[in-house]
Amino acid sequence: MNIHHFQVRKGTSRTAHKPSMKSVRFNFSKRITAASAVFAIILVCTSCGSSNKSQSYNTSQEAVNAYSSYLSEVKNKKELTSDKLFVEVEKWRVIRDSVVACLRKDTTSTLHQDWHQTYQVIHDSLRKEFCRIVLTKPRTYNDVLQLKEVASSYMQDEDLKQARIEAQPFFDSLNATPVYGITMVNLMNRYRNFLAHVQSKGIHSKNDLLDFIKEEDRLFRSVLSHLSESDKQNMQDIIQETDRCCLQVFRSANQKELSHRDALVYMAMRTNRRLILNAAQCVGDTKAGKVKNERIAQAYLWMLVQPYTSIDGLSFAILSDKDKKLIYKVADETPATIDKLGKILRMDKERTKELPALFMKIIVTTF
């Protein structure tokens with residue numbers, strides 16, 4: 001099995017706005033799990049309040065008209081530097097969130113106008129305009145991350161921030177546990193036995209959750225130390241068993257054995273950590289000349305770009321300062337790493353230069 005399968009598979013959220021955190025139903029099937037597990041949970045938090053920059057509209061018609069005016073304004077913009085693009089996307093996000101808030105609370109019956117449909121038409125047009133603007137200039141991987149940050153409606157969410165602060169000491173402590181100094185074969189056996197034990201014992205409390213994440217993290221980091229030789233191992237069963245363990249976490253949350261808040265935050269932070277460590281390992285191994293063939297190069301390329309495609313707005317909001325520093329460091333080294341991998345894969349260098357803009361296009365298309 002190719003080693004590119006041994007990583008976190010996540011989707012990109014298509015949420016068009018940030019709902020109130022007071023009563024939110026999240027579909028986390030594409031955000032949290034170590035692979036493509038399917039689950040849904042409800043997170044109930046106190047309201048985070050409105051941004052100081054938010055607009056206020058009295059009626060749906062007023063809100064939609066304002067959104068239409070903003071569309072006209074954006075159409076007149078020919079090209080923007082990345083810094084100006086970030087400012088404009090933040091402005092778009094604030095206006096969008098305010099329009100959506102107004103549409104939600106307006107209960108006035110309108111027989112001849114569907115304001116929600118009109119809003120969606122305008123919103124789709126704005127997506128196209130911002131895609132156009134993104135593609136007018138060369139972009140960088142650093143730009144991709146900054147766009148994720150400014151596009152996220154969760155960055156100022158105090159409840160999410162507090163939850164991350166409470167969980168951070170646990171994740172900071174993980175690196176203190178050394179990796180296993182054993183052969184890859186023995187490591188795989190240990191990994192399988194661990195997952196089987198979790199399946200048998202179950203995850204029924206927060207302590208069980210933390211124990212699972214701690215040992216899995218140690219095993220994961222141990223595998224990363226052997227990553228360049230991992231294509232010699234069949235890991236399909238490990239992936240499947242990891243899926244089942246992750247499903248147990250959210251089943252336990254639904255059964256009130258642990259809180260939905262803990263399930264969300266700890267599993268999201270776990271996934272962020274795996275994505276970033278994975279990409280950083282790819283950078284280090286490539287720089288050290290450990291990538292010897294096309295099969296491994298293709299796998300490394302896939303793992304390297306995952307943070308840019310898989311960390312969504314909510315996940316970005318719970319990155320620690322340390323995580324952000326590492327992911328931006330990876331972004332700075334991504335072009336040189338892709339160049340080296342591209343030579344092995346005989347890729348068109350000019351085409352790979354277009355990747356950051358394409359990733360940014362995906363972000364505004366799913367905004």
Side-chain angles (χ1 to χ4, degrees), residues 7-21 24-33 35-40 43 67 70-71 74-75 77 80 82 85-101 103-104 116-137 139-157 160 264 268 271-272 275 279 302 304-319 327 331 354-367:
Q7 31 71 35
V8 183
R9 286 176 284 177
K10 288 177 49 182
T12 304
S13 170
R14 286 185 170 269
T15 305
H17 56 274
K18 174 184 177 293
S20 168
M21 289 294 289
V24 186
R25 182 179 300 272
F26 291 111
N27 181 343
F28 293 111
S29 62
K30 295 184 179 179
R31 287 180 177 167
I32 307 297
T33 59
S36 53
V38 179
F39 56 88
L43 174 69
Y67 211 38
Y70 180 61
L71 171 60
V74 173
K75 283 182 176 179
K77 297 182 183 297
L80 295 174
S82 292
L85 173 63
F86 302 146
V87 172
E88 200 61 46
V89 169
E90 184 175 14
K91 180 179 178 181
W92 178 23
R93 176 178 57 76
V94 170
I95 295 174
R96 177 205 63 184
D97 290 352
S98 300
V99 170
V100 170
L103 291 175
R104 281 182 164 180
H116 292 271
Q117 183 177 8
T118 304
Y119 156 81
Q120 192 59 57
V121 171
I122 297 170
H123 189 67
D124 288 343
S125 295
L126 277 164
R127 285 171 167 169
K128 293 177 183 177
E129 291 300 321
F130 273 95
C131 284
R132 171 186 60 80
I133 293 172
V134 162
L135 297 176
T136 57
K137 284 182 173 292
R139 309 296 179 181
T140 68
Y141 291 95
N142 195 293
D143 291 340
V144 178
L145 298 177
Q146 289 190 63
L147 181 60
K148 282 180 178 285
E149 188 165 358
V150 300
S152 173
S153 294
Y154 298 95
M155 296 305 299
Q156 303 305 316
D157 189 304
L160 203 57
L264 162 68
T271 299
N272 282 348
L275 285 166
W302 175 253
L304 181 62
V305 302
Q306 274 212 307
Y308 310 111
T309 61
S310 300
I311 296 180
D312 62 10
L314 187 148
S315 297
F316 208 99
I318 59 174
L319 287 173
I327 197 173
E354 298 172 2
L355 285 175
L358 292 177
F359 292 148
M360 293 172 74
K361 182 180 177 181
I362 291 172
I363 295 171
V364 298
T365 299
T366 56
F367 188 62

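Predicted, not measured: the structure shown is a model, and the values here were computed from it.
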How long is the span from the CG atom in L145 to the CE atom in M360, to the nearest 0.5 Å? 10.0 Å

About how many Å separate NZ of K128 and CG of L126, when rounded to the nearest 0.5 Å? 11.0 Å

Keeping to residues at least two apart or across chains, list the salt bridge (Lys or Arg N to Asp or Glu O under 4.0 Å) pairs with something in residues 354-367. R351-E354

Test item: S315 and D312 side chains (from C-beta on) under 4.5 Å apart, heavy atoms: yes

Spell out, as yes or no, whether a donor-acceptor pair under 3.5 Å connects the side chain of S152 to the backbone of K148. no

State, to 0.1 Å, how close N142 and A331 come at their nearest heavy-atom pair, and which atoms those are. N-CB, 3.9 Å

Decide side-chain contact (heavy atoms from CB on, under 4.5 Å) for L358 and I362; before the verdict, give the C-alpha distance in whole Å, the side-chain angles of both, and the deciding distance to 0.1 Å. CA-CA 6 Å; L358 292 177; I362 291 172; 5.7 Å; no

Please test S82 against T140 for side-chain contact (heavy atoms from CB on, under 4.5 Å), starting from the C-alpha separation and ending with a verdict. CA-CA 9 Å; S82 292; T140 68; 6.0 Å; no

If you measure from CG on D97 to CH2 on W92, what distance do you get to the nearest 0.5 Å? 11.0 Å

For the pair E88 and F130, evaluate side-chain contact (heavy atoms from CB on, under 4.5 Å) and give the outcome as yes or no after the intermediate values. CA-CA 9 Å; E88 200 61 46; F130 273 95; 3.8 Å; yes

Do I327 and I311 have side-chain heavy atoms sitting under 4.5 Å apart? yes

L160 and D157: which non-hydrogen atoms are nearest, and at how many Å? N-OD1, 2.9 Å

On a heavy-atom basis, the closest approach of F86 and L147 is CE2-N, 3.8 Å

Please state whether the rings of Y308 and F359 are parallel, tilted or perpendicular, taking 30° and 60° as the class boundaries. parallel

Minimal heavy-atom distance between P356 and V144, with the atoms involved, is O-CG2, 3.5 Å

Candidate list V364, T136, I133, D143, test side chain to side chain contact (heavy atoms under 4.5 Å, CB included), partner L85, passing option: I133

Closest approach of R132 and K75, non-hydrogen atoms and distance? NH2-O, 3.9 Å

Quick one: do V100 and R104 satisfy side-chain contact (heavy atoms from CB on, under 4.5 Å)? Show the steps, please. CA-CA 6 Å; V100 170; R104 281 182 164 180; 4.1 Å; yes

Measure from the side-chain N and O atoms of R93 to the backbone N and O of S153, and report whether any donor-acceptor pair falls under 3.5 Å. no

Look up atom CD1 in I122 and atom CD in E129, then write down how far apart they are to the nearest 0.5 Å. 12.5 Å

Within the 4.5 Å heavy-atom criterion, are Y154 and I318 side-chain neighbours or not? no

Shortest non-hydrogen pair, H123 vs F367, comes out as NE2-O, 2.8 Å

Would you say the side-chain atoms of T309 pair up with the backbone N or O of Q306, donor to acceptor, closer than 3.5 Å? yes

Value rounded to 0.5 Å, distance of CG in D124 from OG1 in T365: 10.0 Å

Taken to the nearest 0.5 Å, the spacing of Y67 OH from S98 OG works out to 10.5 Å

Do L264 and L314 have side chains that get closer than 4.5 Å, going by heavy atoms? yes

